[in-house]
Asker: 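My questions will all concern the structure given below.
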Number of protein chains: 2
Amino acid sequence: MRRPTLEAVAARAGVSRATASRVVNGQTTVAPHIRDAVQQAIDELGYVPNSAARSLVTQRTDSIALVVSEPPTRVFSEDPLFSTVIRMASVELEAVNKQVVLMLASSAKSHARVERYIAGGHVDGAMLISMHGADPLPPAIARLRVPVVSYGRPAVPVDIPYVDNDNVGGAEAAVRHLVESGRRRIATIAGPQDMIGGQDRLTGYRNVLRDSDRRSIVAVGDFTRESGAVAMRQLLGDDPGLDAVFVANDLMAVGALQSLRQAGRRVPDDVAVVGFDDIEAAKYTEPPLTTIRHPIAEQTAAMVRLLLDLFEGGPGDPVILPTELVVRESA
Amino acid sequence: MRRPTLEAVAARAGVSRATASRVVNGQTTVAPHIRDAVQQAIDELGYVPNSAARSLVTQRTDSIALVVSEPPTRVFSEDPLFSTVIRMASVELEAVNKQVVLMLASSAKSHARVERYIAGGHVDGAMLISMHGADPLPPAIARLRVPVVSYGRPAVPVDIPYVDNDNVGGAEAAVRHLVESGRRRIATIAGPQDMIGGQDRLTGYRNVLRDSDRRSIVAVGDFTRESGAVAMRQLLGDDPGLDAVFVANDLMAVGALQSLRQAGRRVPDDVAVVGFDDIEAAKYTEPPLTTIRHPIAEQTAAMVRLLLDLFEGGPGDPVILPTELVVRESA
DNA sequence: GGTGGACGAGAGAGCGCTCTCTCGCCAGAT
DNA sequence: ATCTGGCGAGAGAGCGCTCTCTCGTCCACC
C-alpha cells in the first residue's frame, strides 16, 4: 500500500522509466500518443513524484528558508510587519512553486541550528528578516555560499543583497512636513539604536533639523506602544514647550498620543505628531495619525524577486523603495 | 568544492560508511575510539548529512506542514491569532527538531497544491489552521492517510483530531456576566456563521439568554473592526434601548466602541460591552475592554503535542481548553 | 538505392544515505 | 584445545529519481 513510483507508471504505460520521467517533467521530446499514455497511467495511479529522490539527484530542493531573526517581543507584538512579510513571501514563492520553510532564530542556540540547516543544503536559498545590528546571523549566513537576501539593510556591512525602504528619506519628509507647517520645537521619539530602522529614521530627523536650524530633542524607545508612552512623558518633562514630535514608528506614536492626552495637550493644536509605518491602527487613533507609509508588500515582493534573480546569476544589487507621507489629522 | 559525503568522512576516519553512519545517528554499538575518530573527521570536514538522501531511505522528512487556510483579509488583519500560532508552533516543533513548512491555502488552486504536496510525502504530518466551515481542505486532507491535526474544531464533522478552546463556555461566561450585573437588553454582534468560532459563540449567547428569559438581539459581522462598527450602528437602530452587547471578538468590539461613542452612548454606564479573545489592543481601548481570554499559546502547544502523539500511534483525542473572563472597565 | 542526420526512446549509472545481513574476532565454557 | 556465543564492523543492496549516452528508426536528400 505504498505510493506508486515512476517505475510503476512506466510499467503501466508500457514505456521506460526515462520516458515517464520526461513526461512528468514536461519535456517536449516525447511523441503525443506516448505522452498521453503516460499521463493516463499517472492519473490512474495517482502518482506524485518523490521529492527526496528528485532532489537527491537534481541537488535542488525547491524550498527557501525564511529566517526570522528577532526577539519574541517584537514578533509577538501588534506590529503586523512580520506577519505581512511572511504572508507575502509565501504567496510570491508559491507562485513559482517553491516551498517556504519558516525558521525562527531568536536565541544563540537556534542561530546555530539555522546555520547548520542552511549549510546542510536543505534549502536552495534563504531570506533573512532581521533588523538587529548586533545580529551575528547575516554575516554568518553570508559566508555559506548559499544565495541569501535580506529584508532591510543589514546593520553591519556585509555582502548580502537586500531590499529596504528609504528610512532616511521618509523621516526627512516627516520632519520637513512639521517644519513647513510652522512648528518650532520638534522632538523625536527614536527607535532602538541597534536597529537599522531606528538609526536611519533618527538620521533623517537630524538632517532636517540641522538644515532648518532647530535644536534636536531626542528620547529613545524600543518600538513598543508602552515605550512610546514613556518616552513622550519624558519629552514633556524635558521640554514642556515642544510643539511637535516625530515618532519613529506608529506603535510608539499611539503610546505617545495617549501620554499627550493624559498631559492635557491637544493634538494637533498644541503638539503635532507624525508616525512611521502606516499600520492599520493609525487610521483609528484619536485623532487619526499622520505618518509615513512604506510598502511592505512591494518590499517583500522585491525581496523574493531579488532572490530568484540571484538563482539565475543576477547581480544582486540592493533595492531601495520610496516612502510616502500620509497626511491625516495629527499633523 | 561540493559538500563532503559520509563516504568522505568514513575514508578520513579509516572506517566503513556504515560505521560512520552509526556515529552520525548516535548508535551505541560503536567502540569509543572509533567513535572519536569519526567525530573528528566530521568536524574537520564540516560534514552535514544530506537530508534528501536520508529521507529517501528512511521515508521520513522531519518536516511538518503548517497549513493556513484562511482568506487574506483575516490573515492580513490586526488579529494576532495567526502570527501567534505560527510562531508558537515553530518554537515547539523546532524543539523536537522538526522543520515547519508554511503553506497558505486561500484559493481553490492553492488547495489543490497543498493537497498534492501533502499527498506527495513531502512532510510527515500536517497542522491545519482553518476556521471556515465551507473549507473543503480538512476532509480532503483527512483522506490522505497522513497524520493531521486541526487548530480549532473542523466545521464539518470529520475524523481529524483537534485542539480548540471552549467557545461556547466562554460566550456563556461573558453573557452571564452581563446578566449578573443586571443588564436587561443584551444584544450580540456575532461572527461569521460559516466559522465554527462564530457559530459556537452565538450558541453560548443564546444558551444564557434562553435560561435567563431574555430576548436575543443579533447582528452579524465578519470579525473585522469595520464590521463591528457597522453592526453596532445597526443594533442601535434596531433597538435603541439596549444596555449591553456581547461581541464575538475583540476586533469587532473595538469597532463597536467607536460606534457607541459616535452615538453618544457611555460605556459601560449606558451600554456594557464584552469582547472575546483578549487581544493586546483590548487593554488600550477607551474604556479598557472586558473580554474572554483563551490561551492561544497553550492551544498551539497542545496541537503540536497532539500531532507528535499521533506519530507514536496515540489515540488523537480532541483537546478542549478552558477560557477565562477578564473583567476590565467596559462591563 | 544508399547514406546522413535528426529525433524519439531505452539502458544504466549514480545521487548519499540507512539498514540488514554477514563475517571476524575474542571471551568464556566445555 | 575446541566450540559457542556475542558483539562490533564491513559489504552491499536499494530507496526513487534524473540525465547522459547510446541505439534504433524514419525521412530527406543526393
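Just so we're on the same page: letters track the sequence lines, and every chain starts at 1.
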Asker: Ignoring backbone atoms, test whether B:Thr5 places a side-chain nitrogen or oxygen under 4.0 Å from the OP1 or OP2 oxygen of C:dG16.
Answerer: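 No, outside the criterion.
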
Asker: Assess whether a salt bridge exists between B:Lys98 and B:Asp62, defined as any Lys/Arg side-chain N lying under 4.0 Å from an Asp/Glu carboxylate O.
Answerer: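 Looking at B:Lys98 and B:Asp62, the cut-off is met.
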
Asker: Can you pull the salt bridge (charged side-chain N to carboxylate O under 4.0 Å, His left out) pairs that have at least one residue in residues 46-57 of chain A, sequence neighbours excluded?
Answerer: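 Salt bridge (charged side-chain N to carboxylate O under 4.0 Å, His left out) check on residues 46-57 of chain A returns no pairs.
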
Asker: Whole-Å distance between D:dC17 C1' and A:Asp62 CG?
Answerer: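 About 14 Å, once rounded to whole Å.
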
Asker: Could you list the residues that satisfy side-chain hydrogen bond (donor to acceptor under 3.5 Å, both in side chains) with A:Glu298, not counting sequence neighbours?
Answerer: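 So A:Glu298 forms no side-chain hydrogen bond (donor to acceptor under 3.5 Å, both in side chains) with any residue.
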
Asker: List in chain and number order the residues that pass side-chain hydrogen bond (donor to acceptor under 3.5 Å, both in side chains) with B:Ser16, two or more places apart in sequence or in another chain; answer none if no residue qualifies.
Answerer: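 Testing B:Ser16 for side-chain hydrogen bond (donor to acceptor under 3.5 Å, both in side chains), a comparison that skips the adjacent residues, returns B:Thr19.
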
Asker: Measure the distance from CG on B:Asn50 to P on D:dG16 and round it to the nearest whole Å.
Answerer: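 Result: 17 Å.
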
Asker: Can you list the residues that meet the ring-ring contact (aromatic ring centres under 6.0 Å, His included) rule with A:Tyr47, with sequence neighbours excluded?
Answerer: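 Partners of A:Tyr47 under the ring-ring contact (aromatic ring centres under 6.0 Å, His included) test: none.
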
Asker: B:Glu94: which residues meet the salt bridge (charged side-chain N to carboxylate O under 4.0 Å, His left out) condition with it, sequence neighbours left out?
Answerer: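 By the salt bridge (charged side-chain N to carboxylate O under 4.0 Å, His left out) rule, B:Glu94 matches A:Arg113.
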
Asker: Scan for ring-ring contact (aromatic ring centres under 6.0 Å, His included) pairs involving residues 84-121 of chain A, sequence neighbours excluded, and state none if there are none.
Answerer: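 Listed once each, the pairs are A:Tyr117-A:His122.
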
Asker: Mind checking what makes side-chain hydrogen bond (donor to acceptor under 3.5 Å, both in side chains) contact with A:Asp317, not counting sequence neighbours?
Answerer: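 Partners of A:Asp317 by the side-chain hydrogen bond (donor to acceptor under 3.5 Å, both in side chains) criterion come out as none, since no residue qualifies.
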
Asker: In whole angstrom, what separates B:Leu45's CG from C:dG16's P?
Answerer: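 The distance from CG of B:Leu45 to P of C:dG16 comes to 14 Å, rounded to the nearest Å.
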
Asker: With sequence neighbours left out, what residues match A:Gln59 under side chain to side chain contact (heavy atoms under 4.5 Å, CB included)?
Answerer: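 With neighbours one apart ignored, the set is B:Arg2.
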
Asker: Could you write nucleotides 18-23 of chain D as a row of B, S and -, 5' to 3', where a protein heavy atom under 4.0 Å of any base atom gives B, of only sugar-phosphate atoms gives S, and otherwise -?
Answerer: BB----

Asker: Give me the distances for all protein-to-nucleotides 5-8 of chain D N/O pairs that come in under 3.5 Å?
Answerer:
none

Asker: With distance as the sole test, does B:Arg3 use its side chain to make a donor-acceptor pair with the main-chain N or O of B:Val48 at under 3.5 Å?
Answerer: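 Confirmed, B:Arg3 side chain pairs with B:Val48 backbone.
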
Asker: Let me know the distance between CD of B:Gln59 and P of C:dC17, rounded to the nearest Å.
Answerer: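 That distance rounds to 17 Å.
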
Asker: Have a look at the helix from C:dG1-D:dC30 to C:dT30-D:dA1 and give the angle its two end axes make, five pairs each, rounded to 10 degrees.
Answerer: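 One end axis against the other gives 50°.
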
Asker: Let me know the distance between CG of B:Leu56 and P of C:dG16, rounded to the nearest Å.
Answerer: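 It is 12 Å, rounded to the nearest whole Å.
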
Asker: Under the side-chain hydrogen bond (donor to acceptor under 3.5 Å, both in side chains) rule, collect the residues that match up with B:Thr5, sequence neighbours excluded.
Answerer: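 B:Thr5: no side-chain hydrogen bond (donor to acceptor under 3.5 Å, both in side chains) contacts found.
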
